[in-house]
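Hydrogens, waters and symmetry mates are skipped; everything else that's a heavy atom, side chains included, is used. In what follows, every chain begins at residue 1, and chains take the letters A, B, ... in the order their sequences are listed.
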2 protein chains.
Amino acid sequence: MKLLDKAHMYEGQEKFLVAVDCIVFGFDSKEIKLLLFRRRVEPLKGKWSLIGSFIKDYLSIEESAKQILYESTGLKDVYLRELKTYSTIDRDPGERVISVAYYSLIRIDEYKIESVEKYDAHWFSLDEVPELILDHGQMLEDAITKLRLKTKYEPVGFNLLPEKFTIPQLQIFYECIYQKKLDNRNFRKKLLSFDILIKSNEKDKLSSKKGAFLYRFNQKKFDSFIASGRSFEL
Amino acid sequence: MKLLDKAHMYEGQEKFLVAVDCIVFGFDSKEIKLLLFRRRVEPLKGKWSLIGSFIKDYLSIEESAKQILYESTGLKDVYLRELKTYSTIDRDPGERVISVAYYSLIRIDEYKIESVEKYDAHWFSLDEVPELILDHGQMLEDAITKLRLKTKYEPVGFNLLPEKFTIPQLQIFYECIYQKKLDNRNFRKKLLSFDILIKSNEKDKLSSKKGAFLYRFNQKKFDSFIASGRSFEL
DNA sequence: GCAAAAGTGTTTTCACTACACCCATGA
DNA sequence: TCATGGGTGTAGTGAAAACACTTTTGC
C-alpha cells in the first residue's frame with residue numbers, strides 16, 4: 001500500500017464550511033456574566049452574537065477557538081472546553097455552516113479592555129441576555145447546563161475568580177450556579193476539609209470592613225485529591 | 001439587508017472534509033464489548049477501525065451517524081451521544097479530515113448479524129481491543145472515560161441490557177464500569193428504592209439454577225424521579 | 001446432596017443539615 | 001456606636017457501608 005495514494009482516496013467527497021463559536025463566561029463576584037459581540041459583518045450585522053470565526057486550515061478547531069479568544073479578549077491559556085457541534089443543514093440561512101461550540105471561563109479582571117472594545121463586546125448578566133443570532137441562544141443554554149453539571153465534579157470556579165479570592169466570593173459563585181443560598185458554615189467547612197487552598201495573610205476589604213482572607217487554589221494538592229479517588233462537590 | 005446576499009458572504013472561505021466515527025458499546029451480561037470493523041477501503045484497508053463515514057450534505061452530523069449505525073448494525077433509535085471533535089490537521093495522513101466522534105450503547109442481543117457480517121465487524125472485549133487506525137484508540141479511551149462519568153448520573157445501563165433483565169445482570173454492568181465488586185444487598189436495596197423498575201413474574205434461568213426475576217425499566221417513573229430533583233447514582 | 005447463584009435485614013459509621021452568635025472594622 | 005459582612009461549633013438525621021446466612025433447583 002502506497003501512502004502517497006491516500007491524498008486521492010477522498011477525492012469527490014463533499015467539503016463543508018466549519019466555524020467555531022465561543023460562549024465566554026465571567027464572574028464579577030456578584031453574578032455570572034456572558035461576553036457578547038456585535039456582529040461586524042453582513043449578514044445580521046449589528047446583532048448580538050457569540051464570538052466566532054471560520055476555522056483555519058493550519059489550526060485544529062480548538063486552536064482556532066483559542067486564537068479568536070485571544071484576539072477578542074487578549075487572554076491566553078484560558079479554560080476552554082468543547083461543548084457540542086451544531087450542524088443542522090439550515091442553521092445558517094445563507095449557506096451550510098457546521099459550527100463547533102466551545103465554552104470558556106475567564107477572569108473578568110484580567111481581560112484586555114482594548115481588545116474587547118475593538119471587537120464591540122459587552123458583558124451581560126445571564127438574565128439580561130439579548131436575542132442572539134442563529135442558534136447561539138441554544139448554544140448558550142446548552143453551555144449553562146453543561147457548566148452546571150461540570151461544577152458538580154470539577155472545581156471550575158477557580159477559573160472565573162481572580163487568582164487570589166476569598167471564600168465568600170467562591171460561595172457566591174456556587175450560589176449562582178446552583179441558584180440557591182448555601183450555609184456559609186457548612187460551605188467553608190467542606191471546602192477547607194478538601195485541603196486544596198493556600199491561605200495568605202492578606203485580606204480583601206472590598207466587600208466588608210472586617211475584610212476576608214485571600215486564598216489561592218493549589219493545583220498540586222487538588223491533583224492528588226482527585227488521584228485519591230475523592231470527588232469534588234460543593 | 002437582503003437575505004439572499006448571504007449566499008455570497010462566505011465565498012472564499014476554505015471548506016473541509018468532515019466525517020463521523022462511532023464508538024459502539026455492547027454488554028453481554030459478563031463484560032462490556034466494543035464493535036469494530038475491518039476497514040474496507042484504502043488507505044489502511046483491512047485494519048481494525050471504528051465504524052465511520054463522511055457526512056452527507058443533506059443530513060446533520062448526528063443524522064449521518066445514525067445512518068451509518070443503521071447500515072452497519074441494522075438498529076434504529078439507538079442511544080447515541082456526541083463525544084468530541086477530532087481535528088488536528090494531520091490526524092489523517094492523507095488529507096485533512098475533521099471527525100466528530102459519537103458513542104452508542106446498543107443491545108447486543110438485538111443487532112442484526114447480517115448487517116454486521118456485511119461490514120466485516122467483530123465484538124471485542126475491552127481488554128482485547130486490537131490496534132486501531134488513526135486516532136481511533138484515543139477516541140475509544142475518551143469514550144470510556146465519558147461513559148464512566150455519565151453512568152454516575154444517568155441510567156445508561158438500561159440501554160445496553162436486554163429489554164427484560166435481571167438485577168444481577170445490572171449489577172455486573174456497574175461492576176464493569178466502576179471496576180470493582182459491589183455488595184449485592186446494598187445494590188439491590190438502593191436500586192429498588194428508586195422505584196423505577198417493573199418486576200415481571202418470569203425468571204431468567206440462564207445464569208443460575210434458581211433463576212432471577214426479570215425486570216423492565218420504567219421510563220415514566222424514571223422521568224418523574226429526575227423531575228423530583230433526585231440524582232441517579234448506583 | 002451439593003454446587004451455584006438469588007435473595008434477604010440489621011447495625012455501625014460517617015457525612016450532610018440545620019442552626020445562632022461573636023468578631024473586626026470603617027464610617 | 002452601629003451597621004456590615006467574616007468567621008466559628010455542635011447536635012441531630014439519614015444515607016451508605018459492612019456484614020452472613022437461607023433459598024431454590026439442576027445436575
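Taking atom CG on L234(B) and atom C1' on dA16(D), their separation rounds to 13 Å, with Å as the unit. At whole-Å resolution of the value, CZ in F187(A) and C1' in dG5(D) are 16 Å apart. As a whole-Å value, the separation of L192(A) CG from dG9(D) P is 12 Å. When rounded to the nearest whole Å, the span between NZ of K180(B) and C1' of dA17(D) equals 10 Å. We find that NZ of K190(A) is positioned 19 Å from P of dT8(D), with the value rounded to whole Å. One can place CZ of R188(A) at 7 Å from C1' of dG6(D), the figure rounded to the nearest angstrom. Distance CG (N201(A)) to C1' (dG6(D)): 17 Å, rounded to an integer number of Å.
The two atoms that bring L161(B) and R107(B) nearest to each other are O-NE, 2.7 Å, heavy atoms only.
Here E110(B) pairs with nothing under the side chain to side chain donor-acceptor pair (under 3.5 Å) rule; sequence neighbours left out.
Taking the 5' to 3' direction, DNA chain C first and last meets chain A under 4.0 angstrom from a heavy atom at dC16(C) to dG26(C).
Ring pair F194(A)/F225(A): centre-to-centre distance below 6.0 Å. Aromatic rings from F165(A) and Y215(A) are positioned such that their centres are separated by 6.0 Å or more.
The ring pair (Phe, Tyr, Trp, His ring centres under 6.0 Å) pairs that include a residue from residues 61-86 of chain A number zero, where partners must be two or more places apart or lie in different chains.
The existence of a salt bridge linking E82(B) and K84(B) is excluded, since no basic side-chain nitrogen approaches an acidic carboxylate oxygen closer than 4.0 Å.
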Expected string for nucleotides 19-27 of chain D under the B/S/- scheme (protein heavy atoms, under 4.0 Å, primed atoms plus P, OP1, OP2 as sugar-phosphate) is BB--BBBB-
For residues 134-141 of chain B, please give each side-chain donor-acceptor pair under 3.5 Å, one per line with the distance, not counting sequence neighbours.
unit_1: D135(B); atom_1: OD1; unit_2: R91(B); atom_2: NE; d: 3.4
unit_1: D135(B); atom_1: OD1; unit_2: R91(B); atom_2: NH2; d: 3.0
unit_1: D135(B); atom_1: OD2; unit_2: R91(B); atom_2: NE; d: 2.7
unit_1: H136(B); atom_1: ND1; unit_2: L50(B); atom_2: N; d: 3.1
unit_1: Q138(B); atom_1: NE2; unit_2: D142(B); atom_2: OD1; d: 3.0

Show me the donor-acceptor pairs, under 3.5 Å and distance only, between side chains in residues 120-127 of chain B and residues at least two apart or in other chains.
unit_1: W123(B); atom_1: NE1; unit_2: Y111(B); atom_2: OH; d: 3.3
unit_1: S125(B); atom_1: OG; unit_2: D127(B); atom_2: OD1; d: 3.1

